[in-house]
Amino acid sequence: MTEKIPSGALLARAYAETPGLPIEVCHIGPDAAQSLADFARAKCGATCLVVSDENTREAAGAPVLETLARGGKNISEKVLGGGHVDATEELGDEVAEAGASSDFLVAVGAGTICDLAKHAGTKLNRPVLAFATAASMNGYTSGITAVKVNGLKRTTPCTPALGVFADPAVIAAAPHRMIAAGVADFLSKCSAGADWRTANFLRGEYYDENALRFYEGILDQVLESAGRVGQGDPEAAGIVLEALLLSGLSMLVAGSSAPASGGEHLISHYIDMKQALYGTSNDLHGVQVGVATIHCLRLWEKVLALNPMTIDPDALVAVQPTDEQVQTWIEADWGPVAGEVLAQWRQKSLPGDLLRAEIMRFRDHLPQIADAVRRDLLPATLVADTIRNAGGPITPDEMDAPLDEYNKALKFARYIRSRFTILDLAAELGVE
Ligand SMILES: [Zn+2]
């Protein structure tokens, strides 16, 4: 047993140690609705737009609306449909229109509702307060929105929420698949952190160890409480949400999603991009990320188990795909947006001599790299067991996404974004 840390203590520590965070408060507790209303009374204007969908309004709308009204706020509402709501730019603009005469916005929901409200708040230059209804992803505290523009999902910088509030009982009552997805999205930091550290070592990319301090102590708690998450335990749900809020803060402080988004996220984005372009199915972000994290951790295990003596840079460079081959693959995958994807790939593809130097640098520093990334990595089996205990899928055939797209993503997702990840390193080293 790890030492019991009171709920919210790690968030409180993060705030105490990091003056000037743009999100002024993150509060998890049974009094979350009251806390939001008190914060709004102290910090926000007289009129507000409450944004929700039919499901999240049913789950948590009443206490938020009542406490805001008791606090004297003049409330209008934007309630989106009860089915699948897509975070599109048009819908975000519609929310902005509805909120044009409000002093602030309140998002009652999870990823999609928060993204729409943050998009609108940024456009209107009005503060957004988030009342979380599920612990399914780490976007509540992020400074980006994932909104579809012309059918394609784009992550765009935005003004972060001014305050984030959550009641563990509401979070625990959300569908179990959502919180299991949240556990998986959080655990992806193991693989993403190793990718980020290695991108810094091999390619000199920006890295900030400081961003990782938010994770201290919370990982053990998530590993320990995953089983209770699967049983709908509010305390465990609060821990997962706290972990996700800390994960979002780490991205905010890094000024980049890199501490929480590596090769596993590219695999998930690949499936989402196919959905956006061709209408194929996709699953919750965290579900896809979890299955892909297990894959990436296995790749890491194979890469770190290589014997440097057997790494032959010339032979490896000789079998890399040519630029023409990659271009053909990208055109086949991405048709109308192939040009944009190709531009991402070309930002990180290396000519033969530099690729050879990179492989040599890896070979010559393998023990040193292994020591460093072990601070980030967890065993693939431990992550799989934890996601399973939380009630989430751990194999590709359990996801609501086409198996052939997932299998293609394992090979081709590295081409969709300029970020260097384990997918690149493994491909360069001939590891599958
Ligand atoms: Zn994520």
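Position 1 is the first residue of the sequence; numbering continues from there.
For the pair Glu301 and Pro379, the minimum side-chain heavy-atom distance is below 4.5 Å. Side-chain contact between Leu382 and Leu223 is present, with at least one heavy-atom pair separated by less than 4.5 Å. Side-chain contact between Leu252 and Pro22: present, with at least one pair of heavy atoms (C-beta onward) separated by less than 4.5 Å. The shortest distance between side-chain heavy atoms of Arg419 and Ser261 falls below 4.5 Å. You'll find the side chain of Leu65 reaches within 4.5 Å of the side chain of Val50, heavy atoms only. Annotation: side chain of Arg213 is in contact with side chain of Thr18 (closest heavy-atom distance under 4.5 Å). By the 4.5 Å heavy-atom criterion applied to side chains, Glu242 and Val222 are not counted as neighbours. Side-chain contact between Glu358 and Leu425 is absent, with no heavy-atom pair separated by less than 4.5 Å.
The local environment of CD in Glu58 is sparse, with at most 12 non-hydrogen atoms from other residues, nucleotides or ligands closer than 6.0 Å.
Taking both residues in full, the closest heavy atoms of Leu68 and Ala37 are given as N-CB, 4.1 Å, listed atom of the first, atom of the second, then distance. The shortest heavy-atom contact between Ile218 and Ile239 is CD1-O, 4.1 Å. In terms of heavy-atom proximity, Gly81 sits nearest to Asp53 at O-CB, 3.4 Å. Nearest approach of Ile294 to Ala380, heavy atoms of both residues: O-CB, 4.0 Å.
A salt bridge links Glu235 with Arg228; the closest basic N to acidic carboxylate O contact falls under 4.0 Å. Comment: Glu77 engages Arg57 in a salt bridge, judged by a side-chain N to carboxylate O separation of less than 4.0 angstrom. Look at Glu340 and Arg154 and you find a salt bridge, because one of the NZ, NE, NH1 or NH2 atoms lies within 4.0 Å of a carboxylate O, short of that distance. Remark: Arg197 engages Glu209 in a salt bridge, criterion side-chain N to carboxylate O under 4.0 Å.
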Discussion item. side-chain contact (heavy atoms from CB on, under 4.5 Å), that's the test. Do Asn282 and Asp400 meet it? Break it down for me.
Written reply: CA-CA 6 Å; Asn282 62 345; Asp400 180 20; over 6 Å; no
Item to complete: Could you walk me through whether Thr395 and Asp397 pass side-chain hydrogen bond (donor to acceptor under 3.5 Å, both in side chains), step by step?
Response: CA-CA 6 Å; Thr395 59; Asp397 56 320; 2.7 Å; yes
Worksheet item: What's the verdict on side-chain hydrogen bond (donor to acceptor under 3.5 Å, both in side chains) for Lys78 and Ser52, showing C-alpha distance, side-chain angles and the deciding distance?
Response: CA-CA 6 Å; Lys78 176 83 179 170; Ser52 62; over 6 Å; no
Item to complete: Apply side-chain hydrogen bond (donor to acceptor under 3.5 Å, both in side chains) to the pair Gln288 and Asp272, showing each step before the final yes or no.
Response: CA-CA 9 Å; Gln288 295 177 169; Asp272 291 342; 3.1 Å; yes
Worksheet entry | Derivation and outcome, side-chain contact (heavy atoms from CB on, under 4.5 Å), residues Val147 and Thr156 | CA-CA 8 Å; Val147 171; Thr156 313; 5.7 Å; no
Worksheet item: What do the steps show when you test Thr198 against Phe362 for side-chain contact (heavy atoms from CB on, under 4.5 Å), and what is the final call?
Response: CA-CA 9 Å; Thr198 308; Phe362 174 83; 5.6 Å; no
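Listed by first and then second residue, the ring-ring contact (aromatic ring centres under 6.0 Å, His included) pairs that reach into residues 185-205 are Phe186-Tyr215, Trp196-Tyr207, Phe201-His365, sequence neighbours excluded.
Between His119 and the options Thr145, Thr159, Asp93, a side chain to side chain donor-acceptor pair (under 3.5 Å) holds for only Asp93.
Ring planes of Trp345 and Tyr415: perpendicular class, angle over 60° (limits at 30 and 60°).
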Please tabulate, for the side chains in residues 168-182, all donor-acceptor contacts under 3.5 angstrom to protein atoms that are two or more places apart in sequence or on a different chain.
{"residue": "His176", "atom": "ND1", "partner": "Gly230", "partner atom": "O", "Å": "3.3"}
{"residue": "Arg177", "atom": "NH2", "partner": "Asp283", "partner atom": "OD1", "Å": "3.2"}
{"residue": "Arg177", "atom": "NH2", "partner": "Asp283", "partner atom": "OD2", "Å": "2.3"}

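Figure legend: cation-pi geometry between Lys411 and Trp329, with NZ or CZ positioned under 6.0 Å from the six-membered ring centre and within 45° of its axis.
Outside the 6.0 Å centre-distance limit, the rings of Trp334 and Phe412 are not counted as a close aromatic pair.
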